[in-house]
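What follows is one structure encoded as structure tokens, with my remarks underneath.
Keep in mind it's a predicted model, so treat the numbers as computed, not measured.
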Amino acid sequence: MTSPADAPDKSAAAADTLRGGPRRGRVRKGLGRGVPLPLLVPALLGLAFLVLPLIALLVRTPWHSLPDQLTSPEVWQALKLSLLCATAATAVSLVIGVPLAWLLARVEFPGRGLVRALVTLPLVLPPVVGGVALLMALGRNGIVGQWLDAWFGITLPFTTTGVVIAEAFVAMPFLVISVEGTLRAADPRYEEAAATLGASRFTAFRRVTLPLIAPGIAAGAVLAWARALGEFGATITFAGNFPGRTQTMPLAVYLALQSDPEAAIALSLVLLAVSVAVLAGLRDRWMTAS
């Protein structure tokens with residue numbers, strides 16, 4: 001027979017069970033006692049497969065000549081161009097990507113699913129195919145590029161502007177996905193409250209929505225910048241590989257690998273350091289406390 005003193009304990013236990021607290025604790029302890037070998041072995045193989053090439057890059061880095069490699073005029077030129085173009089591509093992505101993300105998250109319209117699929121297509125599209133598509137659209141004989149050339153004398157392929165366009169094409173979907181997800185998680189009632197106080201929809205977006213989604217915009221911008229910095233296929237296809245004009249860091253790595261492997265390793269190390277810095281900057285967004 002249950003005593004009155006035991007009733008609160010059982011009620012608390014039942015509440016904990018409904019919340020899943022003690023049950024999660026038991027599961028974690030069970031996992032801690034031993035990992036099944038059929039799961040542990042492939043997990044370790046997967047970890048080694050991903051980490052071993054990075055370790056090999058660090059081991060084979062010519063540390064003694066690294067300062068000279070990184071301060072050579074060609075490397076410095078490619079690095080400056082890469083940083084400039086990646087930053088410009090991120091700015092372009094912010095200007096047109098944030099409104100696009102808002103449209104996908106807040107506005108109901110026919111074919112929204114198709115539009116979202118088209119926006120995310122560059123994520124899975126081979127970069128070389130993206131470069132060819134840009135040529136067909138913005139090249140001198142492209143469906144838009146021919147009019148830009150005939151009316152304004154503007155030629156985009158094989159120019160620094162072409163590098164920015166190619167990088168923005170492959171990087172902007174990262175920003176759009178991040179911002180759209182943040183917008184969907186944000187409570188729209190704040191915008192509705194601003195509208196009831198007389199604010200226009202754009203004013204509500206500028207004064208209320210933007211501050212709410214600022215972390216998502218920052219995370220998406222960092223991801224887009226990192227993706228633009230590492231872009232290769234679309235850049236070399238649409239903009240070419242001209243030192244000082246279109247030769248970015250990934251293109252310089254590819255070129256140096258054929259004649260100077262130590263320089264290629266040094267350049268790769270710079271891009272690796274940038275990638276690690278990006279992951280470190282986004283750790284609070286991707287990782288949650290256990």
Side-chain angles (χ1 to χ4, degrees), residues 57 61-62 65-97 122 125-135 137-140 142 145 148-149 153-175 220-279 281:
L57 180 63
T61 298
S65 62
L66 186 62
D68 295 333
Q69 295 282 1
L70 295 180
T71 54
S72 65
E74 295 80 9
V75 172
W76 188 242
Q77 194 175 50
L79 178 59
K80 288 192 298 183
L81 183 65
S82 294
L83 295 175
L84 174 65
C85 291
T87 303
T90 304
V92 171
S93 299
L94 284 169
V95 171
I96 61 180
L125 193 69
V128 174
V129 176
V132 173
L134 288 173
L135 278 175
L138 301 175
R140 284 189 173 181
L148 291 176
D149 188 22
I154 297 175
T155 303
L156 296 176
F158 310 109
T159 64
T160 303
T161 304
V163 176
V164 175
I165 291 175
E167 292 180 351
F169 178 77
V170 300
M172 191 172 70
F174 289 89
L175 174 73
V222 173
L223 285 174
W225 185 84
R227 180 64 183 89
L229 188 69
E231 171 50 33
F232 176 83
T235 302
I236 197 171
T237 306
F238 183 65
N241 186 15
F242 301 101
R245 190 171 64 182
T246 65
Q247 188 181 87
T248 56
M249 288 285 284
L251 273 62
V253 171
Y254 175 76
L255 188 64
L257 191 60
Q258 305 175 37
S259 57
D260 190 357
E262 288 192 352
I265 294 174
L267 291 170
S268 300
L269 187 64
V270 173
L271 293 177
L272 176 62
V274 171
S275 301
V276 171
V278 169
L279 290 178

Testing the basics here: between [X] and [Y], what is the closest heavy-atom pair and its distance to 0.1 Å?
{"X": "L175", "Y": "S93", "result": "CD2-O, 3.0 Å"}
{"X": "A166", "Y": "F238", "result": "CB-CD2, 4.4 Å"}
{"X": "P127", "Y": "R227", "result": "CG-NH2, 4.1 Å"}
{"X": "L57", "Y": "T61", "result": "O-OG1, 2.5 Å"}
{"X": "Q77", "Y": "P243", "result": "OE1-C, 4.1 Å"}
{"X": "C85", "Y": "T160", "result": "SG-CG2, 3.8 Å"}

Counting only heavy atoms not in Y254, do more than 12 fall under 6.0 Å of its OH?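 Not more than 12 within 6.0 Å, no.
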
Between [atom1] on residue [X] and [atom2] on residue [Y], distance to nearest 0.5 Å:
{"X": "T248", "Y": "N241", "atom1": "OG1", "atom2": "CG", "value": "7.5 Å"}
{"X": "L148", "Y": "R140", "atom1": "CG", "atom2": "CZ", "value": "12.0 Å"}
{"X": "L138", "Y": "D149", "atom1": "CG", "atom2": "CG", "value": "12.0 Å"}
{"X": "L267", "Y": "L251", "atom1": "CG", "atom2": "CG", "value": "11.5 Å"}
{"X": "T159", "Y": "I165", "atom1": "OG1", "atom2": "CD1", "value": "7.0 Å"}
{"X": "L134", "Y": "T235", "atom1": "CG", "atom2": "OG1", "value": "9.5 Å"}

For the side chain of T237 and the backbone of A234, is there at least one donor-acceptor N/O pair under 3.5 Å apart?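 Here the side-chain-to-backbone pair does not exist.
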
Is there a donor-acceptor contact under 3.5 Å from the side chain of Q247 to the main chain of A252?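 Here the side-chain-to-backbone pair does not exist.
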
F242 and V163: side-chain contact (heavy atoms from CB on, under 4.5 Å), yes or no, with the steps? CA-CA 11 Å; F242 301 101; V163 176; over 6 Å; no

